[in-house]
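What follows is a set of notes on a single structure, which appears directly below.
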Amino acid sequence: MSTGLLACVTLLGALAGLAAPLAARHFTAPPAAGVVRAVPGAATGAVVFAGLAAALGADPVLPVLLVLAAVGLVLALVDLACLRLPDPLVGAAALVAAVGLTGAALSSGNPGRLLGAAAGAALCFACHVVLALLPGSRLGFGDVKLAAVLGLPLGWLGGSSVALGLLLPHLLHGAVVLALLAARRVRRDTPLPLGPALLTGAWLAALTA
């Protein structure tokens, strides 16, 4: 990818990051608005978009992942603010992934990759359903649905991306929980959002594709 195009994508990411808190406020209660405002949106969006552009280059799936990343920024803020992943946002991400990947497959003349995307979504869904049903699990079905949606682009990118997308979020979440416990910022029974870790893990997995 050329330097100029990478700069344009980075700028788009910064704009998406600036817009994300405004969108997130529509899905959060007023007491949580301070959490939404506290996140450095422009910098986060720029890093997320630039990383995807640098890793994927001219891959036809890049525009799909950029739109998913923009929706993901909003989802992460909402989950951090009020511990929920609204169905309208998750549904929008699913629609973007399904339509976008179908278009990318047809434009690249490789419709077989849709099978990989479907398999990735099914595997991510099944694994997280099992985790959600374990005794004492705090995994919500909003997390399960988001994991399935993220499995679509990861499945498109390949089996190694799916494997990392399954593993990394829980490693990241575990590390954050341990750090917060060590700092005495939370207790063992404090509910914490998993959505940001799911999104970050999927982003990191996409960077290794």
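The chain is numbered in sequence order, starting from 1.
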Next on the checklist: Within this structure, what is the CZ-CG distance for the pair Arg187 and Leu180, rounded to the nearest 0.5 Å?
Outcome noted: 14.0 Å
Next on the checklist: Counting C-beta onward and ignoring hydrogens, is there a side-chain heavy-atom pair between Lys145 and Asp87 closer than 4.5 Å?
Outcome noted: yes
Next on the checklist: Given 3.5 Å as the limit, does a donor-acceptor pair link the side chain of His128 with the main chain of Cys124, or not?
Outcome noted: yes
Checklist entry - If only atom types and distance count, is the side chain of Thr10 paired as donor or acceptor with the main-chain N or O of Ala50 below 3.5 Å? => result no
Item to check | Path from Leu12 to Leu5 over hydrophobic side-chain contacts below 4.5 Å | outcome: yes
Next on the checklist: Under 4.5 Å between side-chain heavy atoms, counting indirect links through other Ile/Leu/Val/Met/Phe/Trp/Tyr residues: same cluster for Leu52 and Leu15 or not?
Outcome noted: no
Item to check | Residue pair Ala53 / Leu6: nearest heavy atoms and the distance that separates them | outcome: CB-CD1, 3.7 Å
Checklist entry - According to a 4.5 Å side-chain heavy-atom criterion applied to Ile, Leu, Val, Met, Phe, Trp and Tyr, with indirect links allowed, do Val176 and Leu131 form part of one hydrophobic cluster? => result no
Next on the checklist: For Leu166 and Leu123: C-alpha separation, side-chain torsions, deciding distance, then whether side chain to side chain contact (heavy atoms under 4.5 Å, CB included) applies.
Outcome noted: CA-CA 9 Å; Leu166 286 169; Leu123 182 59; 4.0 Å; yes
Item to check | Closest approach of Pro196 to Leu80 (non-hydrogen atoms, all atoms of both residues) | outcome: CG-CG, 3.8 Å
Next on the checklist: Check whether Thr200 reaches the backbone of Ala197 with its side chain - one donor and one acceptor, N or O, closer than 3.5 Å.
Outcome noted: no
Checklist entry - Tell me, do Asp189 and Arg138 make a side-chain contact under 4.5 Å, heavy atoms counted? => result yes
Item to check | Validation row: Leu204, Thr208 side chains within 4.5 angstrom (heavy atoms) | outcome: no
Checklist entry - Looking only at atom types and distance, does a side-chain atom of Asn110 sit under 3.5 Å from a main-chain N or O of Ala105, one as donor and one as acceptor? => result no
Next on the checklist: Please determine whether side chain to side chain contact (heavy atoms under 4.5 Å, CB included) holds for the pair Leu101 and Val61, giving the CA-CA distance in whole Å, both sets of side-chain angles, and the decisive distance to 0.1 Å.
Outcome noted: CA-CA 7 Å; Leu101 292 177; Val61 81; 3.3 Å; yes
Checklist entry - Are Leu134 and Leu192 in one and the same hydrophobic cluster, where Ile, Leu, Val, Met, Phe, Trp and Tyr link if side-chain heavy atoms are under 4.5 Å apart? => result no
Checklist entry - Could you walk me through whether Leu181 and Val177 pass the side chain to side chain contact (heavy atoms under 4.5 Å, CB included) check? => result CA-CA 6 Å; Leu181 286 171; Val177 170; 3.9 Å; yes
Next on the checklist: I'd like to know whether Thr28 forms a side chain to side chain contact (heavy atoms under 4.5 Å, CB included) with Leu77, so could you lay out the CA-CA distance, the side-chain angles of the two residues, the decisive distance to 0.1 Å, and finally the verdict.
Outcome noted: CA-CA 9 Å; Thr28 58; Leu77 289 175; over 6 Å; no
Checklist entry - What closest approach, in Å, do Val129 and Phe141 show between heavy atoms, and which atom pair accounts for it? => result CG2-CE2, 4.4 Å
Checklist entry - Shortest non-hydrogen contact from Leu150 to Ala202? => result CD1-CB, 4.0 Å
Checklist outcome for this item: Minimal heavy-atom distance between Leu68 and Pro153, with the atoms involved, is CD1-CG, 3.8 Å
Next on the checklist: With clusters defined by side-chain heavy atoms of hydrophobic residues (ILVMFWY) lying less than 4.5 Å apart, directly or transitively, does Leu18 cluster with Leu73?
Outcome noted: no
Checklist entry - Closest approach of Phe49 and Ala69, non-hydrogen atoms and distance? => result CE1-CB, 3.8 Å
Item to check | Separation between CG of Leu168 and OG of Ser161, rounded to the nearest 0.5 Å | outcome: 10.0 Å
Checklist entry - Applying the side chain to side chain contact (heavy atoms under 4.5 Å, CB included) test to Trp156, which of Asp59, Val64, Leu65 qualifies? => result Asp59
Next on the checklist: Among Leu89, Leu199, Leu194, Asp79, exactly one meets side chain to side chain contact (heavy atoms under 4.5 Å, CB included) together with Leu146. Which residue is that?
Outcome noted: Leu199
Next on the checklist: Keeping Arg113 on the side-chain end and Ala104 on the backbone end, is there a donor-acceptor pair under 3.5 Å?
Outcome noted: no
Checklist entry - Distance from His170 atom NE2 to Leu198 atom CG, nearest 0.5 Å? => result 6.0 Å
